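Below: the structure, in structure tokens.
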Number of protein chains: 6
Amino acid sequence: MSQRPSGRAPADLRPVSIERHFTKHAAGSVLVSFGDTRVICTASVEERVPPWLRGKDSGWLTAEYGMLPGATGSRNGREAARGKQGGRTVEIQRLIGRSLRAVMDLKGLGPRSVTIDCDVIQADGGTRTASITGGYVALVDAMNKLVADGKVKANPLHGQLAAVSVGIYNGEPVLDLDYAEDSQAETDMNVVMNEAGGFIEIQGTAEGHAFSRQELDGLLGHAEKGIGELIEMQRAALADES
Amino acid sequence: MSQRPSGRAPADLRPVSIERHFTKHAAGSVLVSFGDTRVICTASVEERVPPWLRGKDSGWLTAEYGMLPGATGSRNGREAARGKQGGRTVEIQRLIGRSLRAVMDLKGLGPRSVTIDCDVIQADGGTRTASITGGYVALVDAMNKLVADGKVKANPLHGQLAAVSVGIYNGEPVLDLDYAEDSQAETDMNVVMNEAGGFIEIQGTAEGHAFSRQELDGLLGHAEKGIGELIEMQRAALADES
Amino acid sequence: MSQRPSGRAPADLRPVSIERHFTKHAAGSVLVSFGDTRVICTASVEERVPPWLRGKDSGWLTAEYGMLPGATGSRNGREAARGKQGGRTVEIQRLIGRSLRAVMDLKGLGPRSVTIDCDVIQADGGTRTASITGGYVALVDAMNKLVADGKVKANPLHGQLAAVSVGIYNGEPVLDLDYAEDSQAETDMNVVMNEAGGFIEIQGTAEGHAFSRQELDGLLGHAEKGIGELIEMQRAALADES
Amino acid sequence: MSQRPSGRAPADLRPVSIERHFTKHAAGSVLVSFGDTRVICTASVEERVPPWLRGKDSGWLTAEYGMLPGATGSRNGREAARGKQGGRTVEIQRLIGRSLRAVMDLKGLGPRSVTIDCDVIQADGGTRTASITGGYVALVDAMNKLVADGKVKANPLHGQLAAVSVGIYNGEPVLDLDYAEDSQAETDMNVVMNEAGGFIEIQGTAEGHAFSRQELDGLLGHAEKGIGELIEMQRAALADES
Amino acid sequence: MSQRPSGRAPADLRPVSIERHFTKHAAGSVLVSFGDTRVICTASVEERVPPWLRGKDSGWLTAEYGMLPGATGSRNGREAARGKQGGRTVEIQRLIGRSLRAVMDLKGLGPRSVTIDCDVIQADGGTRTASITGGYVALVDAMNKLVADGKVKANPLHGQLAAVSVGIYNGEPVLDLDYAEDSQAETDMNVVMNEAGGFIEIQGTAEGHAFSRQELDGLLGHAEKGIGELIEMQRAALADES
Amino acid sequence: MSQRPSGRAPADLRPVSIERHFTKHAAGSVLVSFGDTRVICTASVEERVPPWLRGKDSGWLTAEYGMLPGATGSRNGREAARGKQGGRTVEIQRLIGRSLRAVMDLKGLGPRSVTIDCDVIQADGGTRTASITGGYVALVDAMNKLVADGKVKANPLHGQLAAVSVGIYNGEPVLDLDYAEDSQAETDMNVVMNEAGGFIEIQGTAEGHAFSRQELDGLLGHAEKGIGELIEMQRAALADES
């Protein structure tokens, strides 16, 4: 049987924490940790829409992703200083935004924009799935505030979701890869599911050899288990007060 | 049962053509058509490697994707004039490159770089899967030329692959969506598989509601059928002469 | 007497073809070939004008030029990836736009913009003159469509034009240089003329030694002959149906 | 007498905290808080120098500054997405780098680069002075690690420094302005001093009316007091263990 | 006593000249020389405001700074060609703009923008202080023209200012450093003061060792003297005619 | 007969002045005036070559062109601030560089680069021809300095050139158009010729209607006369001392 570097069992998540109200200005602000991966997720609401939505009576949700230069083992250059976001960043922030839009009623949001900012302050694998999982909680806080402020009639959120990575490490499917596993994994897959077990997004990549239908089934089984647990943790965090 | 706009049966590909030697300068040059989607795929080999590979005795393969401004229904702005590639472009070219690297022995390529350029001259849905499928054929021609020129001892290609889109249209899984379907699909998935039926890449997105495990199975079944047919067509095109 | 690499006589054009309706979305779409030089020219019409023309009751025509990375002998980097258009590109697209505006009644076009996109898929010298010659035909198709759609009262085109390169190769004036000649030519000149033999644009550059008034006269004579033939070929192509 | 919004006396600092080892990858990592202003400061060491220092047997220290989009009252756009750092950012990061270089022996650092990254996660005035004060502590940890790793013979740090803002609010000099004061201040000044009370940097700006020599003296007195206290707090934080 | 490279006494300015109407198009145009430092300062007025001021019934003043590539000892790259302004440029132009806004009534300016362009044609130290001193004179000419044209009721300028650099060279405070001194100075300070001796801006940097309160006092004394003289020269230049 | 706005006869140049040693740092520095058009041209020599010339034992000459924001009737935005050079700038600087390379022996220059910077401080038509004419003189001074410094064996300049604009104004060919004429001209042509009357570059554009061969001949006659006079003025300026 696989010996994971962390000693976890194949279907174990890392310790997860979700700290709401981490900063005071944004409508939603969450510090999410998946083990040593830590991401600040804020949800900001602005009373305007992108140019292509003007006059269309609908809102928009988008996400932006960044990594602090000191978040990784060797310093990664600041994208603002280089003058452009890298391909990996663009790919990740599109995934986050697309996933969260899947549980939003953009018409019901009205002519306003929500931005989910996910900034990684410490990276240890799984930053995109932590971002989606934490970003959802920040979004809930921001939408509840919109309702409380009387700006929308009904809460535009119509579902819950979380995300986790799965992969094949040492020939075996494992859940929630940390960096030590991720950099060695033969297959790497990110899965986003809603609270009813429906798939929002699947992105799987064979790093070493191609993976089989049977391996895919094993990966999806782990993902389903992990996302179920994450959804419970989101609920617990949200039950606290607000 | 679903009535597809094109009248195709759910598991039908569009007419596919693969025209090799479409232009004369690049080592491999293919015009691939999936119905009305037409993409020029060229494979160029340069005798140098990116800075981070210098002195590492390995080669590299990357892909770039573009769309001619006149390729779509309403003109889409030229990325070179805007001064940056859009997020969709970046996401697609990373997918193409990652997929094709999965069948390449980069060590065996030696200290050289292969660039697969995929330029869409007419878009009607499925441009990224056509790009991968046609890009593979251009890559074969370029690698055969390397062998013929005595630059590598063994052909660095160690597998074959093709790609196709599948999706849920009008509640039913369908194969190889055209634009009329793609813009209405509830789920959209791109699948890359090798000649042995192994998965190289899966990217599925719920556009409307989340999709179930059963729907996923239906989609993957269609993909497997379609990719099998595309792999045959690649072989036929490659058998012609080279 | 000069021995041109292609065996052509000094005043011979290369084989020229003009294929209309090459792609289906743009209002005008032409594949033009001057020998091995092949350019896709599309004409797109948008119902808006640049900021500096707003409220001025006039339209605009502009051109953009690009070269596919695989179009040349050794791969030329993608300008969209580099983040800017090179100086040569800028110079060429300004020439194309300026030339075509010379035969357009921009007031009569009304508050809309025409963009002529010229994308070189295979380069063998003379890409800018092929672009102007083919771009004109795409423009005709687009303007005829505007008339047919009842959007303008009169066709805004008030003239016809074509372009050709001339140069001094091996001491003798020659017409329509291919790459083998262009890279060795002592003088290189691009000429744009209208159907009445009037000059729209002359751009001549001494590459080796300065050229004399007499040499200039020889070059202009060739240009006049070549453009006369190109104007006939444009007419023949346009006579086909539309 | 002035009534500060926070109820502080004119020469009172806000509560300050300096948390070392805030993240695990960078050689130095500090979360510094000046009241509600919170900044992550990391110090990263790389074994290379900028091009203009190559072969000169000296090292370099530079600083980069950023603000998370959700750090302020209304979301401020991500500089990486806009493709350039704003003027305010550039000005601040130059100040941080220049100040910290004043206490470094760059020759003694050897051919390596130190980058101090200051990322504001919550802004409430005084982000640049908090960055310098916290950045210094991160720099100490990074330099101690260099010494411990045997990479330098002597610690390249030859001094200690801290920074604070002072300003004229409601006609009276006050120390360490928060946002409520800063946005109303008539004069705003940032002062960097070393442990011996010498000035490293003074940047004072009249926002409303020009300030007099006497007002300047009052401001500098407050600054001297505040910096003395900050230097003590840095010492206490550094005494903890490392 | 200090021996300055130029032979000047410590509190001596270089020869200063202020030539108005240096070019004919801009509303104000001044060639200012501080010794061998020569800067063209123009003031242009446009009948529009930046987006964030629209509808706010106020005007704006901003400054831009540049250096001709041939202005320095070894050619410095053209910022327009490199595609961005360097950090030093940004810092300087922010200083110039902030200083000049301090003597402007932006409400009284009405909904228009003033741009002060400072372009260094020959650099020998002190370009930013020459820019502020000369830019002020260009601004006076432009504001007088606004009054003369009946566009504003009252002159929006409510004060006069000038700027000078001071520094510690060879251990002694000196006034108006040239490049030979500037590149060796232990402390470098730029001071902007108004005609009443009030401080608008102080920016002092310790280049070598930290400077003391006593040294600061010496520097400010020189600055006060120098600015007093510059203010007289501005008056003399402005008295000439306009 | 034509009445030119300036009262000049059709074949009259504007008053021309060529002031050498205008600034002190660059190897060549010229202020050239064609009437109210004033351009600073500097020639800088650097002991390195562009990457594509390394190891090829040849030098390079390039030109850069800029216009100060205040040089024109209404302020034109600073290209460095906009982050890119406009198309017109690119076109002009390519013309200047290409023209001057035509009289240079780049092999003889050795492995160094010459940059001709042409910065327009006041614009009134003909800035590109003034730039070439003045840039040539700055180039002579820089090449003479190379010879004097013993860095090259023989002067790499093997010819002399000047440039002038001609155009059709009010139906008649005129020489050296000022802005009032240029903005109304039916045809606008820039001509570069060497001291032997050979053509280096011809760029003619029909602004209104196409121009005939006869009109072209008239334009070239004026150009020949004007360039002959400019070449004399260059000689006179250069005879002064150096």
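Proteins come first, then strands; the chains are lettered A, B, ... in the order of their sequence lines, and each starts at number 1. Bear in mind the structure is a predicted one, so any value in this text is a computation, not a measurement.
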**Message:** Can you give me the closest heavy-atom contact between F:His25 and E:Ala123, atom names plus distance?
**Reply:** NE2-O, 3.0 Å
**Proximity breakdown for F:Ile121 and chain E, heavy-atom pairs closer than 4.5 Å** = both
**Asked** In terms of heavy-atom pairs under 4.5 Å, which option from E:Ala81, E:Gly70, E:Ser44 contacts chain F the most?
**Response** E:Ala81
**Interchain contact, F:Ala43 with chain E, by part (heavy-atom threshold 4.5 Å)** = neither
**Request:** Output the option from F:Pro69, F:Ser74, F:Ala26 having the highest count of non-hydrogen pairs under 4.5 Å with chain E.
**Result:** F:Pro69
**Asked** What residue, out of E:Asp36, E:Asp124, E:Asp117, has the most heavy-atom pairs lying under 4.5 Å from chain F?
**Response** E:Asp117
**Interchain contact, F:Thr23 with chain E, by part (heavy-atom threshold 4.5 Å)** = both
**Asked** What residue, out of E:Arg38, E:Glu79, E:Gln122, has the most heavy-atom pairs lying under 4.5 Å from chain F?
**Response** E:Gln122
**Prompt:** Among E:Thr115, E:Ile40, E:Val45, which residue forms the greatest number of heavy-atom pairs with chain F at distances under 4.5 Å?
**Reply:** E:Thr115
**Asked** Contact part of F:Asp119 toward chain E, heavy-atom cut-off under 4.5 Å: side chain, backbone, both or neither?
**Response** side chain
**Asked** chain E heavy atoms under 4.5 Å from F:Lys84: which part of the residue, side chain, backbone, both or neither?
**Response** backbone
**Message:** Using heavy-atom distances under 4.5 Å, tell me whether F:Ala27 contacts chain E through its side chain, its backbone, both, or neither.
**Reply:** neither
**Prompt:** Between F:Thr89, F:Thr72, F:Val90, which residue shows the highest count of heavy-atom pairs closer than 4.5 Å to chain E?
**Reply:** F:Thr72
**Item:** Side chain proximity check, E:Thr42 to F:Leu68, heavy atoms < 4.5 angstrom
**Value:** no
**Prompt:** Checking E:Glu46 against chain F: side chain, backbone, both or neither under 4.5 Å from a heavy atom?
**Reply:** side chain
**Message:** So which atom in F:Cys118 and which in E:Arg78 form the shortest heavy-atom distance, rounded to 0.1 Å?
**Reply:** N-NH2, 4.2 Å
**Message:** Taking NZ in E:Lys24 as the centre, count heavy atoms belonging to other residues, nucleotides or ligands within less than 6.0 Å. Is the count above 12?
**Reply:** yes
**Prompt:** Got a sec: does the CZ of F:Arg48 have more than 12 other heavy atoms crowding it under 6.0 Å?
**Reply:** no
